[in-house]
Amino acid sequence: MLDEKKFLKLIQQTLFYGVLASLVLLGAGFLSDIVWNRDFYLMNTGIALLLATPVFRVVMLLCGFFKMREYNFAMASFMVLALMVVAVLI
Amino acid sequence: MIHLNPTSMIFLVFFGFFIGILGSVMGVGGGVFIVPLLVLVFNLPMHNAIAISLVAIAATSSAVASVNVEKGLANVRLGIYMETTMALGSVIGALILSMLPSALLQFFFSIFLFPVALSMYLKSRKGVKEEAVPAIAGKNLFGGSFFDPARNSETSYAVKKMPLAMFFSFFAGGLSGLLGLGGGIVQVPVMNLICGIPMKAAAATSNFMIGVSAAASAIIFLKKGYIIPELAVIIVMGVLAGSFVGIHALYRAKSEKIQVAFSVLIMIVGVRMLLRSFG
């Protein structure tokens with residue numbers, strides 16, 4: 001079973017690596033735009049990843065709370081995830 | 001499409017840096033500053049300004065939360081519960097509140113902010129003694145604890161009046177979606193004044209939460225092509241650098257000082273919205 005410390009580490013890592021990966025893409029995209037005047041593909045991918053990071057965080061919370069058998073919090077995470085999907089679809 | 005020269009790029013990075021510090025210390029996204037700057041100084045259309053502001057809010061939230069979650073400052077259980085009504089408010093707000101006149105909403109919102117600013121200022125004058133509720137923290141479903149370097153001790157707290165806080169969270173979600181704000185300007189005072197959560201934990205938890213609503217709205221703007229990548233990247237770079245500097249400031253700052261600074265921030269936002277509601 002997942003303990004509290006590992007759970008928080010999992011959330012921390014999801015956020016940290018999400019931000020780091022998007023930062024790399026944004027930086028590379030910005031440089032390629034300045035040096036080669038390329039299109040915004042890399043930058044747009046970086047922005048999309050940055051915006052997806054909070055969604056990944058909610059998914060991790062859902063999985064974590066479910067593994068720790070804290071079903072009320074898992075349900076809350078699921079509701080937030082569902083509402084985010086609705087927000088994107090409308 | 002706006003043209004960015006090196007001077008405006010450097011200015012935007014420093015501006016983003018300031019917003020990052022503000023966001024990580026006070027738990028707000030800084031949309032109330034980013035949107036007017038982009039509209040008034042860079043002559044950007046409102047939709048583009050709001051879209052870029054939401055990207056910056058999502059960046060601050062994820063960067064700051066990546067540190068605060070592990071240190072126990074951000075309360076994930078409280079955060080995810082309040083996010084349910086916040087997200088619901090965002091969706092319903094987008095569908096229903098948008099039918100109401102924006103000026104009227106801004107007027108009522110600004111009127112609501114003044115007593116909040118005053119309460120927060122008065123609370124800061126009383127000191128931090130009443131913040132901690134160590135005896136009942138363990139019995140409380142949403143209670144938490146964190147080490148506060150400014151006091152050099154562990155601070156435990158219980159969370160009071162959750163139903164009322166969730167109602168306000170719903171309200172914050174609706175208004176934030178409509179006005180292009182992160183929602184921290186409502187969430188932090190609600191958690192601090194109504195729930196009795198210490199200021200630092202309230203700011204960190206608010207920061208943890210606002211990324212979700214900002215990301216949901218920003219994805220819609222991204223799909224519609226309102227985000228100008230070049231501009232967003234420059235601001236995000238500054239915001240991320242400022243966020244990591246601000247985290248250390250949050251740990252070392254005294255809660256009363258953050259409360260005073262936050263009450264001043266709320267007053268500025270309140271006055272600005274009141275003026276805007278009158279056109």
Side-chain angles (χ1 to χ4, degrees), chain A residues 4-5 7-20 22-23 25-27 29-31 33-34 39-48 50-58 60-62 64-65 70 72-90, chain B residues 9 51-52 54-56 58-59 61-72 74 76-77 79-92 94-95 141 173 177 208-223 225 227-230 232-234 236-237 240 243:
Chain A
E4 184 74 13
K5 208 174 171 182
F7 172 58
L8 294 180
K9 185 85 185 163
L10 179 75
I11 304 302
Q12 182 265 326
Q13 285 185 337
T14 305
L15 292 166
F16 179 76
Y17 288 115
V19 170
L20 189 68
S22 45
L23 198 58
L25 285 169
L26 292 174
F30 189 69
L31 281 178
D33 177 48
I34 286 178
D39 63 6
F40 294 135
Y41 179 75
L42 272 177
M43 279 195 267
N44 275 329
T45 311
I47 290 169
L50 192 64
L51 299 180
T53 302
V55 184
F56 294 147
R57 184 265 280 175
V58 179
M60 289 301 163
L61 281 174
L62 172 62
F65 283 129
E70 295 187 34
N72 49 346
F73 290 109
M75 182 57 81
S77 309
F78 177 75
M79 276 177 67
V80 173
L81 196 62
L83 285 165
M84 287 186 86
V85 173
V86 170
V88 172
L89 293 177
I90 58 173
Chain B
M9 281 187 195
I52 292 171
L54 290 169
V55 175
S61 171
S62 294
V64 176
S66 74
V67 179
N68 285 341
V69 163
E70 204 184 8
K71 292 197 174 186
V76 294
R77 287 174 176 79
I80 199 70
Y81 248 74
M82 286 182 71
E83 271 174 9
T84 54
T85 49
M86 191 184 185
L88 190 64
S90 300
V91 175
I92 293 177
L95 295 171
L141 184 65
F208 175 77
M209 289 163 60
I210 59 177
V212 164
S213 56
S217 307
I219 289 167
I220 299 167
F221 283 111
L222 182 69
K223 277 163 57 183
I227 296 172
I228 301 168
E230 209 175 7
V233 168
I234 294 167
V236 164
M237 295 283 189
L240 289 177
S243 298

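Note: hydrogens, waters and symmetry copies are ignored here, and every other heavy atom, side chains too, is used. Naming: A, B, ... by sequence-line order, numbering from 1 per chain.
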- Item | Contacting moiety of A/Leu61, where chain B heavy atoms sit under 4.5 Å | side chain
- From B/Met237 atom CE to A/Leu23 atom CG, the distance as rounded to the nearest 0.5 Å: 5.5 Å
- If you count heavy-atom pairs under 4.5 Å with chain B, which of A/Leu20, A/Asn72, A/Leu89, A/Thr14 comes out on top? A/Asn72
- Which atoms of B/Ile219 come close to chain A, meaning under 4.5 Å heavy atom to heavy atom: side chain ones, backbone ones, both, or neither? both
- Task: Side chain from CB out, backbone as N, CA, C, O: work out which of these in A/Ala82 comes under 4.5 Å of a heavy atom of chain B, or both, or neither.
- Result: neither
- Task: Identify which of A/Glu70, A/Met75, A/Gln13, A/Lys5 forms the greatest number of heavy-atom pairs closer than 4.5 Å to chain B.
- Result: A/Glu70
- Take A/Phe30 and B/Met9, measure what side chain to side chain contact (heavy atoms under 4.5 Å, CB included) needs, and give me the verdict at the end. CA-CA 12 Å; A/Phe30 189 69; B/Met9 281 187 195; 4.0 Å; yes
- Can you tell which part of A/Tyr17 gets under 4.5 Å to a heavy atom of chain B, answering side chain, backbone, both or neither? neither
- Between A/Arg57 and B/Phe208, is there a donor-acceptor pair closer than 3.5 Å when you use the side chain of the first and the backbone of the second? yes
- For A/Gln12 and B/Ser66, work out which heavy atoms get closest and say how close. CG-O, 2.6 Å
- Query: Relative to chain A, which of B/Asn68, B/Val233, B/Val67 shows the most heavy atom pairs under 4.5 Å?
  - Reply: B/Val233
- With chain B, which of A/Phe73, A/Phe16, A/Phe7 has the greatest number of heavy-atom pairs at distances under 4.5 Å? A/Phe73
- Checking B/Ala232 against chain A: side chain, backbone, both or neither under 4.5 Å from a heavy atom? side chain
- Message: So for B/Met209, is it side chain, backbone, both, or neither that comes closer than 4.5 Å to the heavy atoms of chain A?
- Response: backbone
- Portion of B/Leu240 that has a non-hydrogen atom of chain A nearer than 4.5 angstrom: side chain
- Roughly how far, to the nearest 0.5 Å, is the CZ atom of A/Phe78 from the CD1 atom of B/Ile80? 12.5 Å
